[in-house]
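Below you'll find the structure, written out as structure tokens, and then a few comments.
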2 protein chains.
Amino acid sequence: MSSQNPKGPKSALFAGFAEVAKALGQGHRLEILELLAQSERSVEVLAERAGLSIANASQHLRLMRRAGLLVSRRDGKRILYGLSDPAVLDLMAALRRVAERNLAEVREVIGGYFHERDALEPVGRRELARRLKDGLVTVLDVRPEDEFGTGHLPQAINIPLRELTSRLRELPRDREIVAYCRGPYCVLAFEAVALLRRRGFRIRRLEDGYPEWKAAGLPVAQDRR
Amino acid sequence: MSSQNPKGPKSALFAGFAEVAKALGQGHRLEILELLAQSERSVEVLAERAGLSIANASQHLRLMRRAGLLVSRRDGKRILYGLSDPAVLDLMAALRRVAERNLAEVREVIGGYFHERDALEPVGRRELARRLKDGLVTVLDVRPEDEFGTGHLPQAINIPLRELTSRLRELPRDREIVAYCRGPYCVLAFEAVALLRRRGFRIRRLEDGYPEWKAAGLPVAQDRR
DNA sequence: TCATCATTCAATCAATATATTGAATGATTG
DNA sequence: CAATCATTCAATATATTGATTGAATGATGA
């Protein structure tokens, strides 16, 4: 067998597992993965969102595809990348969990940056789903428009963070608002909560983001394919 | 804040998560982690088991401790390393799951090496626990003696793989045997099953290993601290 | 208090990873 | 069928990682 490692199947397996972990072992790649957790995307868009050159983004994507984290397909003249499997989301979540518990540096960032911007408890998925069904809450999606378009929470209104200050009148002052974005540590929702609290809105943050909501099997809406 | 990344909290978090993933991104380190999932161990023992020089093993251990995967404590004149948290086991399991589903190389090794040695379905944890309670099965632990000593399945008998051929008379021929070792892809149990089947024993493999059994909250036994 | 010895550190070299540039590819679409 | 253009490849420079050697550390235990 061609892939048979000279050191035997044990080493070959560890090497295989390590290849997957290596693919996760770079900040830019994790950022790309978070973006792809929202929906599939072209190389160009990913490069722009992650602040990379196109060639560099392409390299990272190829590496992650080889590691089995991503799949790609052609759509017209662009290639769309996407997560290969929901299990990749679980892997990212497990990684976050270990890092947030055991890595001093991560705990520091979370404690120093995030908590001061969100003293209140975030809202859990289940709780939000219940209150949403009862019509008791307004859901605010602060991701960019295109990410919202490919999938969002039901009845959510989309105001990207950058436009928030100029579109305050679209938000209710008599109901609680729940903001969300890409994931548990996506800064967009934190910033939105901080900004809107200062303006007197009643707003909390969803404990995680759209991909986790969707993966949990909760209902989602979609504007366009 | 000293760890404040110039590119903001988003990059700092991704970098932190990446540090954990990097620590998992090397075959020798994954092997060390599998060993530490059995029980805490000194640098010397880990180096020997993983086939590394002591200085090299020490370097890998330091890196993983920094990434929050391990903790160390002094015991007499040696330093014992151990997993920092059960969440590390979950992370390793998530890594295996993605690799075995999506990485062609891993699927090939599993298909080519493991399946031909274990055509039968492995036994699940719950099923084994039930049959063990009813006294219907003999459990065989093929790990080295010291790993067995620090923790094993109840009523398991310990015959390290290397001694198996010379100690066949200790095994029953009238009852089913279930063999296990360090984890889902630990080769020891696969080899034991193959060897004993050829000798006419009725034997199957536990679907995973001792750390998973223990983490699932099932009963364990211990001979010495 | 001091000799011991497991572990860590420091220095080095080879190997690998990352980012940049510019050219090549190749499927699409008019 | 040819022009277009998103993506990939190739080549390069720099940075990081991994393994080895030998010396330094420092807590133990006599």
Side-chain angles (χ1 to χ4, degrees), chain A residues 5-7 11 14-33 35-36 40-67 69-82 105 146, chain B residues 5-7 11 14-33 35-36 40-67 69-82 105 146:
Chain A
N5 188 306
K7 288 170 182 169
S11 300
F14 283 132
F17 298 146
E19 194 182 328
V20 178
K22 255 181 225 159
L24 293 168
Q26 218 268 13
H28 290 312
R29 286 200 287 271
L30 289 176
E31 186 170 1
I32 289 174
L33 284 173
L35 290 167
L36 290 177
E40 50 179 13
R41 284 276 169 242
S42 69
V43 180
E44 190 185 14
V45 170
L46 291 167
E48 181 256 319
R49 291 280 155 91
L52 302 172
S53 75
I54 288 183
N56 193 200
S58 174
Q59 273 188 123
H60 285 305
L61 290 165
R62 181 179 59 119
L63 191 152
M64 289 193 281
R65 190 182 48 198
R66 277 187 163 166
L69 296 174
L70 305 182
V71 291
S72 63
R73 69 179 181 89
R74 180 170 283 273
D75 173 45
K77 57 169 52 180
R78 49 197 83 215
I79 306 258
L80 298 183
Y81 281 85
E105 205 187 31
D146 57 336
Chain B
N5 189 305
K7 287 170 183 173
S11 300
F14 284 133
F17 298 146
E19 195 182 329
V20 178
K22 255 181 225 160
L24 293 168
Q26 218 266 14
H28 290 311
R29 287 200 287 270
L30 289 176
E31 185 168 4
I32 289 174
L33 284 173
L35 290 166
L36 290 178
E40 48 179 16
R41 284 278 171 242
S42 69
V43 179
E44 190 186 13
V45 171
L46 291 168
E48 181 255 320
R49 292 282 155 90
L52 302 172
S53 74
I54 289 183
N56 193 199
S58 174
Q59 273 188 125
H60 284 306
L61 290 164
R62 182 178 58 118
L63 190 152
M64 289 193 280
R65 190 181 48 197
R66 279 187 162 168
L69 296 174
L70 305 182
V71 290
S72 64
R73 70 179 181 91
R74 181 169 282 273
D75 173 45
K77 58 169 50 178
R78 51 196 82 215
I79 307 263
L80 298 183
Y81 280 85
E105 204 185 34
D146 58 336

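Only heavy atoms go into these numbers, but all of them, side chains included; no hydrogens, no water, no symmetry mates.
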**Message:** Using every non-hydrogen atom in the two residues, find where A:L30 and B:F17 come nearest and quote the distance to one decimal.
**Reply:** CD1-CB, 3.6 Å

**Complete:** Sorted by position of nearest nucleotide on DNA chain C, 5' first, the leading residue of A:S53 and B:V43 is B:V43

**Message:** As a test of reading the structure: which of C:dT21, D:dG22, C:dA17 is closest to the side chain of B:A55, going by heavy atoms?
**Reply:** D:dG22

**Request:** Evaluate the side-chain proximity of A:R41 to A:L35: yes if any heavy-atom separation is below 4.5 Å, no if none is.
**Result:** no

**Length of the line joining B:L46:CG and C:dT8:P, which is rounded to integer Å** = 11 Å

**Request:** Check whether any side-chain nitrogen or oxygen of A:Y81 sits under 4.0 Å from OP1 or OP2 of D:dA6, and answer yes or no.
**Result:** no

**Request:** Using heavy atoms to find the nearest nucleotide of DNA chain C for A:D75 and A:L52 separately, return the residue whose nucleotide is more 5′.
**Result:** A:L52

**Message:** Would you compute the distance between atom CG of B:L46 and atom NE2 of B:H28 and round it to the nearest 0.5 angstrom?
**Reply:** 13.5 Å

**Prompt:** A:R41 CZ to D:dT7 P: how many Å, rounded?
**Reply:** 12 Å

**Shortest side-chain distance from A:R62, nucleotide among C:dT8, C:dT18, D:dC9** = D:dC9

**Prompt:** When the distance from CG of A:N56 to C1' of D:dA13 is rounded to whole Å, what number comes out?
**Reply:** 14 Å

**Asked** How would you label the contact of A:Q26 with the nucleic acid (heavy atoms, under 4.0 Å): base, sugar-phosphate, or nothing?
**Response** sugar-phosphate

**Prompt:** Given A:V43, which of A:I54, A:L52, A:L80 fulfils the side chain to side chain contact (heavy atoms under 4.5 Å, CB included) condition?
**Reply:** A:I54

**Request:** Send over the distance from A:I54 CD1 to C:dT25 C1', rounded to a whole Å.
**Result:** 15 Å

**Asked** B:K77 side chain: which of C:dT20, D:dT7, C:dC5 is closest?
**Response** C:dC5

**Message:** Measuring from the side chain of B:R78 (C-beta onward, heavy atoms only), which nucleotide among D:dT8, C:dA11, C:dT7 has the closest atom?
**Reply:** C:dT7

**Phosphate OP1/OP2 of C:dA19 contacted by A:H60 side-chain N/O (<4.0 Å)** = yes

**Fill in**
B:R65 has its side chain closest, among D:dT7, D:dC9, C:dT8, to C:dT8

**Message:** Could you tell me if the side chain of B:R66 sits less than 4.5 Å from the side chain of B:R62, heavy atoms only?
**Reply:** yes

**Request:** Would you kindly compare A:K22 and A:R74 by the position of their nearest DNA chain D nucleotide and give the one closer to the 5′ end?
**Result:** A:R74

**Request:** Mind calculating the distance between CG (A:L24) and C1' (C:dT18) to the nearest angstrom?
**Result:** 17 Å

**Asked** 5'-most contact on DNA chain D: A:S58 or B:L63, nearest heavy atom basis?
**Response** A:S58

**Request:** In whole angstrom, give the distance that lies between atom CD of B:Q59 and atom C1' of C:dT12.
**Result:** 12 Å

**Request:** Rounded to the nearest angstrom, tell me the gap between atom CZ in A:R73 and atom P in D:dA6.
**Result:** 17 Å

**Asked** Could you state the CD-P distance from A:E31 to C:dA19, rounded to the nearest angstrom?
**Response** 12 Å

